[in-house]
Amino acid sequence: MSKVIDITNKLTFDENPKVKVKGVEIELNANAVDLFKVLAIVQSGDTSPEAISTLCEVLFPSKKEYEKVRELDLKSDDFTTFLFECARIAFGNEDEDTEGEAQTPATT
């Protein structure tokens, strides 16, 4: 019989990140399996209609969150910037100068 090792305690199961634009909070899909679909797009900087569509489908799979994005009424350049920033955040690549709530470091 093969040995089964439970690694559950090594995983964090963090909630999906959220971004805030024009006072509207939008939840991003940060599921690693789904994000691999956008990895090549983010790395290449592809802004073709197909690439933008893929980013939208993966980052905002719920109709509710996608509708929030549509209601922002962003222009083309801003929309592309918005999507690439959302992808970066979903991957967990947040810069130090990214605005957001400050987190208090844990002390032991």
Report task. List the atom of L35, the atom of L59, and the distance in Å for their closest heavy-atom pair. Result -> CD2-CD2, 4.1 Å
Query raised in the report: How long is the span from the NZ atom in K10 to the CD1 atom in I5, to the nearest 0.5 Å?
Result: 8.0 Å
Query raised in the report: Relative to each other, are the rings of F60 and F82 parallel, tilted or perpendicular (30° and 60° limits)?
Result: parallel
Report summary line: Correct closest heavy-atom pair for E65 and E25 would be OE1-O, 4.1 Å
Query raised in the report: Does the side chain of D46 pick up a donor-acceptor pair with the side chain of S48 at under 3.5 Å?
Result: yes
**Report entry** Value rounded to 0.5 Å, distance of NZ in K63 from NZ in K68
**Finding:** 15.0 Å
**Report entry** Closest approach of L55 to L83 (non-hydrogen atoms, all atoms of both residues)
**Finding:** CD1-CB, 4.1 Å
Query raised in the report: Above 12 or not: heavy atoms from other molecules or residues under 6.0 Å from NZ of K64?
Result: no
Query raised in the report: Is the shortest distance from a Lys or Arg side-chain nitrogen in R88 or E85 to a carboxylate oxygen in the other one below 4.0 Å?
Result: yes
Query raised in the report: Can any side-chain N or O of K22 pair as donor or acceptor with the backbone N or O of L72 at less than 3.5 Å?
Result: yes
Query raised in the report: Distance from D14 atom CG to L11 atom CG, nearest 0.5 Å?
Result: 10.0 Å
Query raised in the report: Any donor-acceptor pair under 3.5 Å linking the side chain of N16 with the backbone of E27?
Result: no
Report summary line: Closest non-hydrogen atoms of P17 and A90, given as atom of the first, atom of the second and distance, are CG-CA, 4.1 Å
Report task. Starting at CD1 of I26, measure out to NZ of K18 and round the result to the nearest 0.5 Å. Result -> 11.0 Å
I'd like a table of donor-acceptor pairs (distance under 3.5 Å, sequence neighbours excluded) in which one partner is a side-chain atom from residues 74-81, with atom names and distances.
residue : atom : partner : partner atom : Å
T80     : OG1  : S76     : O            : 3.1
T81     : OG1  : D77     : O            : 3.0

**Report entry** S44 (side chain) donor-acceptor with A40 (main chain) under 3.5 angstrom
**Finding:** yes
